[in-house]
Amino acid sequence: MGVLSNLEPKKVFHYFEEICKIPHGSYNTKQLSDYLVNFAKERGLTSYQDEANNVIIIKEGTTGYESAPAVILQGHIDMVCQKAPDSTHDFLTDGLDLDIDGDLVLAKGTTLGGDNGIAVAYCLALLDSDDIPHPKLEVLLTSDEEVGLLGAVAADLSMLESKMLINLDSEEEGEFLTSCAGGGRANMFLPVDRVEKEGIAYEVAIEDLTGGHSGIEITKERGNANKLMGRLLMEARKEAEFYLAELEGGQADNAIPRSCSAVVLVDEADQVAFENAVAKMGVIFKNEQKTADPDLNVVCTNLGYKELETIDRSSLTQALMVLNMLPNGIQAWSVELEDLVETSLNLGVMKLDRDELRLSSSVRSSVGSKKAYLFNQLKMLIEYAGGTMKIHGEYPAWEYKAESHIRNVFVDTYREITGKEPEIKAIHAGLECGIFCDKIEGIDCISLGPNMSGVHTTEERLSISSTERTWKLLVEVLKRLK
């Protein structure tokens, strides 16, 4: 018996649990991709798999739906891999340790991958059922969405005939998404020179921030541990001379980093000044972030006398300049749609290697020219400091359509089932619909999903009851597409 065996809908949660047994972080999707192909073969379904690990599975329409227009069901197979500081989980080899807390499904100590494993589970449950009326289903499951929509970009969709697409990558029941921001990742590299130094070593850690999805939750003004560390080190350097040996923060460019740590060497005469400076910044951060990050903590640990290879003074100056001048967070709000962020970015990953400081920012905008301008700002800054930048995984925005048949069917069905009016929204996050609109002329898209919270963090939760309600809505819509 699985952990989720008693949950409804049974097939959906059965396949969700099966998916969670298979490691499927971004860039590690081959095993799950192969599982999907074998699933199709076992049921005599036509399937396609490409070198990017995208999988397409075709199921013909049921009796009475032979002439109905086909529909694409779409989700992505990769997940964001984040774990608690004390977790020993290995995302490359280990399945997730699932648990239930009331109405919520979670993974102990790690992200759950409900984004977007629940979409895959919905699709497999439909493909495995013989009692649900539906038109021809073209199930499109893409890889590496979380690192730049790479699977969608690489996918060959020439075998698909449908002009309707249901994307199942949203996270709030009763919301139907009809447009999204475009984006991409800026990978920046700043060269550093190393020197041998000795002194009193300190590990400084900024911990226990709330974090979150860098698109959906960018409006909540949660602290970015990488940016806070840059600020702390800048202020501490005013009070005490130190050399930087190690610096690391964040695990994914599209997740607001919850922690960051640095190891520095301080002259013995400056110990008290350095400790006081760190403590002062800890008080400031806790005050500034008391609402958004109530558990924020700054820890300064004396590691004793050390001889370490550190970056030299000039490299440290350049690194701190870049860290503190690098734009982050909301850059502009939409003037057309109320409460919608137009342009933002998130410094999600930072790592000091031997010869360079690596920085990775997720850039988003619903206006292509604004996105290009932001990339140019980052490029100018890093090049001014002597570094370089590469843009990775750039993808287009999904523009709103005034007329949409699939949206009308979902709205009408939702009203009849719930007696409520759904919300039609745009989202400041990347969805693959923009890419599919470029690849399939005239395609009609909608995005929806069950309630999830804490996405891209170890606090990720999936609502059981919402999963069932969304399943019933999806099944009813497919029945009506006759």
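Excluded from the calculations below are hydrogen atoms, water molecules and symmetry mates; all remaining heavy atoms, backbone and side chain alike, are included.
The number of heavy atoms from other shown groups lying within 6.0 Å of NZ (Lys379) does not exceed 12. Open room surrounds NZ on Lys41; 12 or fewer heavy atoms of other groups in view lie less than 6.0 Å from it. Around the CD atom of Glu51, the shell of radius 6.0 Å holds no more than 12 heavy atoms that belong to other residues, nucleotides or ligands. Counting non-hydrogen atoms of other residues, nucleotides and ligands closer than 6.0 Å to CD of Glu8 gives a total above 12. Counting heavy atoms of neighbouring residues, nucleotides and ligands inside a 6.0 Å radius, atom CD of Glu421 exceeds 12 of them.
Although no hydrogens or angles enter the test, the distance criterion places no donor-acceptor pair under 3.5 Å between the side chain of Lys286 and the main chain of Asp295. Between the side chain of Ser33 and the backbone N or O of Asn53, at least one donor-acceptor pair lies under 3.5 Å. A donor-acceptor pair under 3.5 Å is formed between the side chain of Asp50 and the backbone N or O of Asn54. Gln331 places a side-chain N or O within 3.5 Å of a backbone atom of Gly329 that can act as its donor or acceptor partner. Side chain of Ser404 to backbone of Lys401: no donor-acceptor contact under 3.5 angstrom is found. A side-chain donor-acceptor contact under 3.5 Å links Ser5 to the backbone of Gly2. Looking at Lys370, its side chain never comes within 3.5 Å of a backbone N or O of Ser344 through a donor-acceptor pair. The closest donor-acceptor contact from the side chain of Asp101 to the backbone of Leu104 lies at 3.5 Å or more, if one exists at all. Asp103 contributes no side-chain N or O that, together with a main-chain N or O of Ser463, makes up a donor-acceptor pair within less than 3.5 Å. For Ser143 (side chain) and Ala52 (main-chain N/O), a donor-acceptor pair under 3.5 Å exists by modelled atom type.
Side-chain contact between Leu177 and Leu448 is absent, with no heavy atoms from C-beta onward closer than 4.5 Å. Looking only at side-chain heavy atoms (C-beta outward), Leu209 and Ser259 stay at 4.5 Å or farther from each other. Taking 4.5 Å as the limit, every side-chain heavy atom of Phe436 sits out of range of all side-chain heavy atoms of Leu160. With contacts defined as side-chain heavy-atom distances shorter than 4.5 Å, the pair Glu432/Thr142 qualifies. You'll find the side chain of Ile166 stays beyond 4.5 Å of the side chain of Ile72, heavy atoms only. Residues Leu474 and Leu73 meet the side-chain proximity criterion, which asks for heavy atoms closer than 4.5 Å. Between Gln49 and Asp34, the closest side-chain pair of non-hydrogen atoms falls below 4.5 Å. Using a 4.5 Å cut-off on side-chain heavy atoms (C-beta onward), Arg222 and Glu217 make contact.
At a threshold of 4.0 Å, the pair Asp128-Lys11 counts as salt-bridged, since one of the basic side-chain nitrogens sits closer than that to a carboxylate oxygen. A salt bridge links Arg480 to Glu416: at least one charged side-chain nitrogen sits closer than 4.0 Å to a carboxylate oxygen. A salt bridge links Arg461 to Glu459: one of the charged nitrogens lies within less than 4.0 Å of a carboxylate oxygen. A salt bridge links Glu161 to Lys136: one of the charged nitrogens lies within less than 4.0 Å of a carboxylate oxygen. Between Glu476 and Lys472 no salt bridge is recorded (no basic side-chain N to carboxylate O distance below 4.0 Å). Note on Lys163 versus Asp444: no salt bridge recorded, every NZ/NE/NH1/NH2 to OD/OE distance being 4.0 Å or above.
Scanning both residues, Asn346 and Ile256, for their nearest heavy atoms gives OD1-CA, 3.7 Å. Shortest non-hydrogen contact noted between Tyr27 and Asp144 is N-OD1, 2.7 Å. Here the shortest heavy-atom pairing between Leu347 and Asn226 reads O-ND2, 3.1 Å. Across all their heavy atoms, Ala40 and Ile57 have their closest contact at CB-CG2, 4.0 Å. Ile382 approaches Phe189 most closely through the heavy-atom pair CG1-O, 4.1 Å. Closest approach of Ile464 to Gly102, counting heavy atoms only: CD1-O, 3.7 Å.
There is no side-chain donor-acceptor pair under 3.5 Å between Asn297 and Glu207.
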Do Ser170 and Ser447 pass the side chain to side chain donor-acceptor pair (under 3.5 Å) test, and can you show the C-alpha distance, the side-chain angles, and the key distance before you say yes or no?
CA-CA 6 Å; Ser170 297; Ser447 180; 2.5 Å; yes
Given side chain to side chain contact (heavy atoms under 4.5 Å, CB included), test Arg358 with Asn187 step by step and report yes or no.
CA-CA 7 Å; Arg358 292 188 289 112; Asn187 291 328; over 6 Å; no
Intermediate values then yes/no, side chain to side chain donor-acceptor pair (under 3.5 Å), Ser362 and Asn254:
CA-CA 6 Å; Ser362 175; Asn254 56 359; over 6 Å; no
Derivation of the ring-ring contact (aromatic ring centres under 6.0 Å, His included) call for Phe16 and Tyr122:
CA-CA 8 Å; Phe16 184 73; Tyr122 279 145; 9.6 Å; no
Verdict with reasoning, Ile216 to Val455, per side chain to side chain contact (heavy atoms under 4.5 Å, CB included):
CA-CA 9 Å; Ile216 296 170; Val455 171; 6.0 Å; no
Go through the steps for Thr29 and Asp78 under the test side chain to side chain donor-acceptor pair (under 3.5 Å), then give the verdict.
CA-CA 6 Å; Thr29 56; Asp78 64 314; over 6 Å; no
Using the rule given for side chain to side chain donor-acceptor pair (under 3.5 Å), can you reason through Ser453 versus Glu460, listing the C-alpha separation, both sets of side-chain angles and the distance that settles it, and then say yes or no?
CA-CA 5 Å; Ser453 61; Glu460 184 179 2; over 6 Å; no
Leu481/Val409 under side chain to side chain contact (heavy atoms under 4.5 Å, CB included): CA gap, chis, key distance, verdict:
CA-CA 8 Å; Leu481 290 178; Val409 175; 4.3 Å; yes
Start with the C-alpha distance between Leu296 and Leu228, add both sets of side-chain angles, then the distance that settles side chain to side chain contact (heavy atoms under 4.5 Å, CB included), and finish with yes or no.
CA-CA 11 Å; Leu296 181 153; Leu228 292 177; 4.0 Å; yes
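When the ring-ring contact (aromatic ring centres under 6.0 Å, His included) test is applied to His213, the partners found at least two apart in sequence or on another chain are His456. For the ring-ring contact (aromatic ring centres under 6.0 Å, His included) test, residues two or more places apart in sequence or in another chain that qualify with Tyr414 are Phe176. With sequence neighbours excluded, the residues forming a salt bridge (charged side-chain N to carboxylate O under 4.0 Å, His left out) with Glu173 are Arg469, listed by chain and number.
For the side-chain hydrogen bond (donor to acceptor under 3.5 Å, both in side chains) test with Thr458, the passing option among Gln82, Arg258, Lys83 is Arg258; the others fail. Under the salt bridge (charged side-chain N to carboxylate O under 4.0 Å, His left out) rule, Glu394 has a single partner from Arg185, Arg364, Lys371, which is Lys371.
Expressed to the nearest 0.5 Å, how far CZ of Phe39 lies from SG of Cys123 amounts to 9.5 Å. Between His134 atom NE2 and Leu126 atom CG the span is 7.0 Å, to the nearest 0.5 Å.
Residues His89 and Phe91 place their aromatic rings such that the two centres sit under 6.0 Å apart.
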